[in-house]
Amino acid sequence: VTALIVYGRPEWRARWSACLHAHLPDLDIRTPENPGNPADITCLLGSIPPEGFAALYPNLRVIFSEGAGVDIILGLRLPPQVMVVRIVDDTLSAMMTEYIVWSVLTLHRNIPAYRASQTAHQWQRIPATLAANRRVGILGLGALGTDAAHALRRFDFTVAGWSRSPRDVDGVACYHGADMLDSFLARTDILVCLLPLTPETRGIIDAELLARLPRGAAFINAARGGHVVQEDLIAALDEGQIAHAILDVTTPEPLPPENPIWAHPGITLTPHVASIATPESASASIAENIRRLEAGSPLLHLADRSRGY
Ligand code: NAP
């Protein structure tokens, strides 16, 4: 019988346990308060493993992240035999797609400018642009970026995506690699970041990248705060290179009260709520991976430790 230890907030642990037991009634689920013999434990569920977990659980084989991002886990010193699994899940993708569609439509339909007009009691119309004439560019064409791209296509936006390796997504102009980044940016009116945070992508949204977008472009970040050089984004907003930014993620989180993002008129901020994996939905794939582990089969949705995602 596999023994799995669940970390995280107590109410979430109870939900994970109930949902995992619905799929695998015999799974031996432990908690940090009642770990039993730590040498039994082969699986850990949680996005922030405890300090010294490797020494604590010498037979650990798999860490299941509670979310799609595994940057924190991969940033830890992991023993070579430990595999890291991220969550790929329809509910998580659908929720992220809602957020991206909401934010693209908000920018496309000039809602930040209308909000400012309302505050100033000004009845001021802005000529509308057809969705087909609005070019959205998605950095990251993985599980989340691809789902969002399909949804935006249904509104008739002109959509492109950028990935590390070549991708083929129906109706989406696909760019990849550093060499194609310039042409991708030059054709992008609304830039969406859905990249994983890796040594290669940290700080990718800097002054140089923002300057390569058409003047007055908009920016949406629903990935990680670490992708953005905050001073560069604020400077680009202040001088009009970027018209508006919608940020779900910041560095640090929570954002300190004195941070300039709070009061910036060119920024709409949400507190890292774009999408979350629910135990009710994501337990099925974790259970499937535990069955695979027991059968000695390859696991699904493994993070590649050398790539960093
Ligand atoms: P994923 O399936 O691993 O996709 C990542 C995409 O980024 C892939 O297309 C990948 O290229 C591309 N990529 C990675 N490194 C790159 C590089 N150096 N240059 C160009 N492209 C690169 O990840 P996902 O499941 O879509 O999740 C994306 C991120 O969203 C997560 O890592 C997490 O940080 C964030 N997230 C945020 C929230 C929130 O609530 N704000 C919720 C969930 C997830 P390849 O296709 O070539 O591999």
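Numbering of ligands and ligand atoms starts at 1, following listing order.
At a heavy-atom cutoff of 4.0 Å, ligand 1 is contacted by both the backbone and the side chain of Arg164. With a 4.0 Å heavy-atom cut-off, ligand 1 is reached by the side chain of Thr201 but not by its N, CA, C or O.
Taking a cutoff of 4.0 Å between a charged side-chain nitrogen and a carboxylate oxygen, Asp189 and Arg134 do not qualify as a salt bridge. Taking 4.0 Å as the cut-off between side-chain N and carboxylate O, Arg291 and Glu294 do not count as a salt-bridged pair. At a threshold of 4.0 Å, the pair Arg30-Asp40 counts as salt-bridged, since one of the basic side-chain nitrogens sits closer than that to a carboxylate oxygen. For the pair Arg15 and Glu11, the salt-bridge criterion is not met [side-chain N within less than 4.0 Å of a carboxylate O].
Numbered from 1 in the order shown, with element, the atoms of ligand 1 that lie under 4.0 Å from a heavy atom of Ala223 read 34 (O), 35 (C), 37 (C). Within the listing of ligand 1, atoms 6 (C), 7 (O), 9 (O) sit less than 4.0 angstrom from a heavy atom of Gly140. Those atoms of ligand 1 with a heavy atom of Asp248 less than 4.0 angstrom away are 39 (C), 40 (O), 41 (N). Near Glu200, with a cut-off below 4.0 Å to any heavy atom, the atoms of ligand 1 are 18 (N). Listed by atom number, the atoms of ligand 1 under 4.0 Å from Ala222 heavy atoms are 36 (N), 37 (C), 38 (C), 39 (C), 41 (N). Residue His272 approaches ligand 1 through these ligand atoms, each under 4.0 Å from one of its heavy atoms: 39 (C), 40 (O), 41 (N). The atoms of ligand 1 that sit less than 4.0 Å from any heavy atom of Ala274 are 39 (C), 40 (O), 41 (N). Against a heavy-atom cut-off of under 4.0 Å, Ala68 is close to the following atoms of ligand 1: 25 (O), 43 (C), 44 (C).
Closest to atom 10 (C) of ligand 1 among all protein heavy atoms lies Tyr309 OH, 3.6 Å. Of the protein's non-hydrogen atoms, the one nearest atom 9 (O) of ligand 1 is Leu141 N, 3.0 Å. In terms of protein heavy-atom proximity, atom 5 (C) of ligand 1 is closest to Pro196 CD, 3.5 Å. Protein heavy atom in closest approach to atom 8 (C) of ligand 1: Gly142 N, 3.7 Å. What sits closest to atom 20 (C) of ligand 1 on the protein, heavy atoms only, is Trp162 CZ3, 3.1 Å.
No hydrogens or angles considered: a donor-acceptor pair under 3.5 Å links the side chains of Asp147 and Thr97. Residues Trp12 and Glu66 have side chains that never bring a donor and an acceptor to within less than 3.5 angstrom of each other. The closest side-chain donor-acceptor pair between His301 and Ser285, if any, does not fall under 3.5 angstrom. Residues Ser163 and Tyr175 bring no donor and acceptor atom of their side chains to less than 3.5 Å of each other. With no hydrogens or angles considered, no side-chain donor-acceptor pair links His150 and Asp170 at under 3.5 Å.
Residues passing the side-chain hydrogen bond (donor to acceptor under 3.5 Å, both in side chains) test with Thr198 are Thr201, sequence neighbours excluded. With sequence neighbours excluded, no residue forms a salt bridge (charged side-chain N to carboxylate O under 4.0 Å, His left out) with Glu258.
Distances shorter than 4.0 angstrom occur between a heavy atom of Leu194 and an atom of ligand 1. Residue contact annotation: His176 has no non-hydrogen atom under 4.0 Å from ligand 1. For the pair Leu195 and ligand 1, a heavy-atom separation below 4.0 Å is found.
Taking only nitrogen or oxygen atoms, main chain and side chain alike, Leu144 reaches within less than 3.5 Å of ligand 1. Geometrically, ligand 1 and Ile87 share no nitrogen or oxygen pair separated by less than 3.5 Å. Checked by distance only, ligand 1 and Thr198 stay at 3.5 Å or farther apart across all their nitrogen or oxygen atoms. Not one N or O of Asp71 is nearer than 3.5 Å to an N or O of ligand 1, by distance alone. Note: no N/O pair closer than 3.5 Å links Gly69 and ligand 1 by distance alone.
In this structure, Thr250 and Leu269 have side chains that are in contact, with non-hydrogen atoms separated by less than 4.5 Å. Considering only heavy atoms from C-beta on, Cys43 comes within 4.5 Å of Leu293 through its side chain. Side-chain contact check for Phe64 versus Leu44: every heavy-atom pair is 4.5 Å or farther apart.
The nearest non-hydrogen atom to atom 38 (C) of ligand 1, considering only Arg86, Met96, Arg167, comes from Met96.
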